[in-house]
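One structure is given below, encoded as structure tokens.
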Amino acid sequence: MRLIHMVAIAAVTLSLAACSTVDKYLSVVTQSNLDAAKTGYAPVLAAAATYNELPRCAAGQSATLAVPCSVYANVKIMRDADKQVSTGFDQAQADINACNPGVSGITTKAAGSCSALTADYHALTALIATTKTTYSNITGKTL
Amino acid sequence: MTDLATIIADAEIVANLAKMAIEYGEEVAPYVQQFYRIVVEKETLTVQERQDTEAALQAFRDRLNAPQAGDPDYVPPAA
């Protein structure tokens, strides 16, 4: 009798642990997290676009507040960084679609997708932070 | 309950975005407001708002990638 009781407790504990794992996957990254990342990045990208639209600095010319100008090499750095961020957004969105959080009866395969989402999202937010720093250094503005 | 470190981090981001809204004006204001709604007010964007944000990101991206005369990737328009 005691053995049956212990097995039952173990089964409940294991099932709770499994639920907790799935909940963790579901609660870590949501569509709103990605939306926040995108809306937060939009002004940063606008600042980069504005920089690109400045006249190019002439040879030997330095940008000043009075006479702002842009450098093609810097623009290229910004474009390359943005391409990586854009790819990161696409990957995170694909992960969210695959994970489909909020739907009950999540499968093992979907749980794996959620695990990929967490890793990809954290990589994305790190990439956005690096890109912001890069853009800030180039534009001289706090982004 | 949201922990204090998260609140401070979110507040710093909102403050920086607000400064950008002042500097860059109306073109970025909607996204600063959306960010605030999502992060602080815990609202969810509508499908339409999400699509509008995607379109705005693409428009900013197109402007960033637009070459100027004299750039190595500039292609002069055909005469």
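Residue numbering restarts at 1 for every chain, and letters A, B, ... go by the order of the sequence lines. Side chains are part of it too, since the values below use all heavy atoms of this structure and drop only hydrogens, waters and symmetry mates.
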| Contacting moiety of A:L54, where chain B heavy atoms sit under 4.5 Å |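 Interface part for A:L54: backbone (N, CA, C, O).
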
| Side chain / backbone / both / neither for A:K83 at chain B, heavy atoms under 4.5 Å |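 Neither part.
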
| query | If you count heavy-atom pairs under 4.5 Å with chain A, which of B:I38, B:T44, B:V28 comes out on top? | reply |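 The answer is B:I38.
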
For [X], is it the side chain, the backbone, both or neither that has a heavy atom under 4.5 Å from a heavy atom of chain A?
{"X": "B:T53", "result": "side chain"}
{"X": "B:D73", "result": "both"}
{"X": "B:E54", "result": "side chain"}
{"X": "B:Q68", "result": "both"}
{"X": "B:A56", "result": "neither"}
{"X": "B:L64", "result": "both"}

| field | Side-chain heavy-atom pair B:R61, A:D82 within 4.5 angstrom cut-off | value |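 Yes, side chains in contact.
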
| query | Any side-chain heavy-atom pair from B:R63 and A:L45 closer than 4.5 angstrom? | reply |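 SC-SC contact between B:R63 and A:L45 ruled out.
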
| task | List the atom of B:E27, the atom of A:A46, and the distance in Å for their closest heavy-atom pair. | result |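 B:E27 and A:A46 have their closest heavy atoms at OE2-CB, 4.2 Å.
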
| message | In this structure, would B:V40 and A:L34 fall into the same cluster of hydrophobic residues linked by side-chain contacts under 4.5 Å? | response |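 The answer is yes; both residues are in one hydrophobic cluster.
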
| Transitively linked via ILVMFWY side-chain contacts under 4.5 Å: A:Y72 with A:I138? |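 As far as the 4.5 Å side-chain criterion goes, A:I138 and A:Y72 are not connected within one cluster.
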
| Other residues, nucleotides, ligands: >12 heavy atoms within 6.0 Å of A:Y135 OH |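 Buried by this count: over 12 neighbours within 6.0 Å.
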
| Flag if over 12 foreign heavy atoms under 6.0 Å of CD, B:E26 |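 Counting neighbours around CD of B:E26, 12 or fewer heavy atoms of other residues, nucleotides or ligands fall under 6.0 Å, so no.
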
| said: Let me confirm one number: the CD-CG distance from B:Q34 to A:D35, rounded to the nearest 0.5 Å. | reply: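 It comes to 8.0 Å.
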
| query | Out of curiosity, B:Q58 CD to A:S86 OG, how far, rounded to the nearest 0.5 Å? | reply |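 Interatomic distance, B:Q58 CD to A:S86 OG, rounded to 0.5 Å: 7.0 Å.
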
| said: Using a 4.5 Å heavy-atom cutoff, which residues in residues 37-44 of chain A come close to chain B? | reply: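 Answer by number: A:K38, A:T39, A:G40, A:Y41, A:A42, A:P43, A:V44.
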
| query | Who among A:A49, A:A47, A:S70 has the most heavy-atom pairs with chain B under 4.5 Å? | reply |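 When all of A:A49, A:A47, A:S70 are compared, A:A49 has the most.
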
